[in-house]
Number of protein chains: 2
Amino acid sequence: MRSSAAQTSRSASLFAALGDETRLRLVVRLSGGGALSIASLTEGLPVTRQGITKHLQVMEHAGLVRNHRRGRESLWQLDQRRLTDARKYLDLISKQWDDALARLKRFVEE
Amino acid sequence: MRSSAAQTSRSASLFAALGDETRLRLVVRLSGGGALSIASLTEGLPVTRQGITKHLQVMEHAGLVRNHRRGRESLWQLDQRRLTDARKYLDLISKQWDDALARLKRFVEE
DNA sequence: CTCATGTGCAACCTCCAGGTTGCATATTAA
DNA sequence: TTAATATGCAACCTGGAGGTTGCACATGAG
């Protein structure tokens, strides 16, 4: 099973979406399960509402969050599938690593 | 189990280190288990050796890779512990998410 | 109806990530 | 010793990420 270039590229943008402190804090908040409005997500963070909006859009492009409108509010929630994708990718890398070490060990012990 | 601000910040820089296509490709190569030189890591990638060096340094700051000198070569290898850290962080988020949904389900079913 | 609230859009600013080139310096191979 | 190889250091460039402000526009509350 090879990790294709497309796969790598997609994963990179996913990790990039997680690789910003503000965004990661948003993810943590959203991991509570609820769908939160932009205004409520902005609360407590040292960034403008517009800034938060941009971050949410970045995450949306990475497939990390979805949003739907309810009245005048824009509600955002996590899409856990992408989170799972990220975990799987890391699992894959770790597995290759472990396998390589196992092979090395067998080789040395012969 | 708190996800302190420091924890979040550290994790963010870790994900950021993974969140660049070139760097992720380096990680994939290094997951083979060996310690590779800068020159060999550069091979096949559309980036200068200097560019690769910078990427390696970024990853080193994130704790993702280590390097040691052997003669005129600078050998780099993965530090799998940080990879594990990243997985654990994602597990944590997923768990909070699952728990939240479970609570919601119980609540609805009552 | 009127106001306060929640967003969207667009222009703008600044800094640094990601990349390059040029040159100096260690090491190793012949 | 001489060349070729592998890096390091430093200066430099450029686009876009991350942030802001100002204003217009829906929509919900009274």
Side-chain angles (χ1 to χ4, degrees), chain A residues 5 8-30 34-78 82, chain B residues 5 8-30 34-77 82 86:
Chain A
T8 306
S9 164
R10 195 166 163 68
S11 298
S13 68
L14 178 52
F15 287 125
L18 294 168
D20 173 275
E21 184 163 355
T22 302
R23 287 199 291 267
L24 202 48
R25 289 171 80 174
L26 291 177
V27 168
V28 169
R29 285 196 189 184
L30 289 173
L36 303 178
S37 72
I38 298 180
S40 71
L41 281 170
T42 300
E43 212 171 338
L45 293 182
V47 183
T48 309
R49 169 180 63 84
Q50 303 295 349
I52 298 296
T53 297
K54 285 195 180 180
H55 280 303
L56 288 170
Q57 284 165 351
V58 169
M59 292 193 276
E60 183 178 33
H61 278 127
L64 250 185
V65 296
R66 283 169 300 156
N67 91 304
H68 59 104
R69 197 84 188 221
R70 190 184 62 187
R72 63 184 161 185
E73 294 180 309
S74 175
L75 298 177
W76 296 76
Q77 59 184 29
L78 262 189
R82 294 295 285 152
Chain B
T8 305
S9 165
R10 193 165 165 71
S11 298
S13 67
L14 179 51
F15 287 125
L18 294 168
D20 173 275
E21 185 165 354
T22 300
R23 287 198 291 267
L24 202 49
R25 289 171 80 174
L26 291 177
V27 168
V28 169
R29 286 195 187 183
L30 289 172
L36 303 178
S37 72
I38 298 179
S40 72
L41 281 170
T42 301
E43 212 170 339
L45 293 182
V47 184
T48 309
R49 170 181 62 86
Q50 302 297 346
I52 298 296
T53 296
K54 283 196 181 179
H55 281 303
L56 288 170
Q57 284 165 351
V58 169
M59 292 192 277
E60 182 178 34
H61 277 127
L64 250 186
V65 297
R66 282 168 300 156
N67 92 303
H68 60 104
R69 197 85 190 222
R70 190 185 62 187
R72 64 183 160 187
E73 293 181 311
S74 176
L75 298 177
W76 296 76
Q77 60 184 34
R82 293 296 283 154

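Values in this document were obtained by computation on a predicted structure and should not be read as measured data.
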What nucleotide, of [options], holds the atom closest to the side chain of [X]?
{"X": "A:Thr22", "options": "D:dG8, C:dG18, D:dG19", "result": "D:dG19"}
{"X": "A:Lys54", "options": "C:dG8, D:dT7, D:dT20", "result": "D:dT20"}
{"X": "B:Gln50", "options": "C:dA4, D:dT20, C:dG22", "result": "C:dG22"}

Could you tell me the separation between the [atom1] atom of [X] and the [atom2] atom of [N], rounded to a whole number of Å?
{"X": "B:Arg70", "N": "D:dT7", "atom1": "CZ", "atom2": "P", "answer": "10 Å"}
{"X": "B:Gln57", "N": "C:dG18", "atom1": "CD", "atom2": "P", "answer": "13 Å"}
{"X": "B:Met59", "N": "C:dG18", "atom1": "CE", "atom2": "P", "answer": "11 Å"}
{"X": "B:Glu60", "N": "C:dA17", "atom1": "CD", "atom2": "C1'", "answer": "18 Å"}

- Message: Does B:Val47 reach a base, just sugar-phosphate, or nothing at all? Heavy atoms under 4.0 Å.
- Response: sugar-phosphate
- Reckon A:Gly51 touches a base, only the sugar-phosphate, or nothing at all at heavy-atom distances under 4.0 Å? base
N or O in side chain of [X] less than 4.0 angstrom from [N] OP1/OP2:
{"X": "B:Ser37", "N": "D:dT7", "answer": "yes"}
{"X": "A:Thr48", "N": "D:dT20", "answer": "yes"}
{"X": "B:His55", "N": "C:dG19", "answer": "yes"}
{"X": "B:Arg23", "N": "C:dG18", "answer": "yes"}

- Message: How about CZ on B:Arg10, more than 12 heavy atoms from neighbouring residues, nucleotides or ligands closer than 6.0 Å, or not?
- Response: no
- Message: Regarding D:dG8, can its base be found pairing with the side chain of B:Arg49 as donor and acceptor, where the two atoms are less than 3.5 Å apart?
- Response: yes
- Tell whether B:Arg72 reaches the base of D:dT7 with its side chain through a donor-acceptor pair below 3.5 angstrom. no
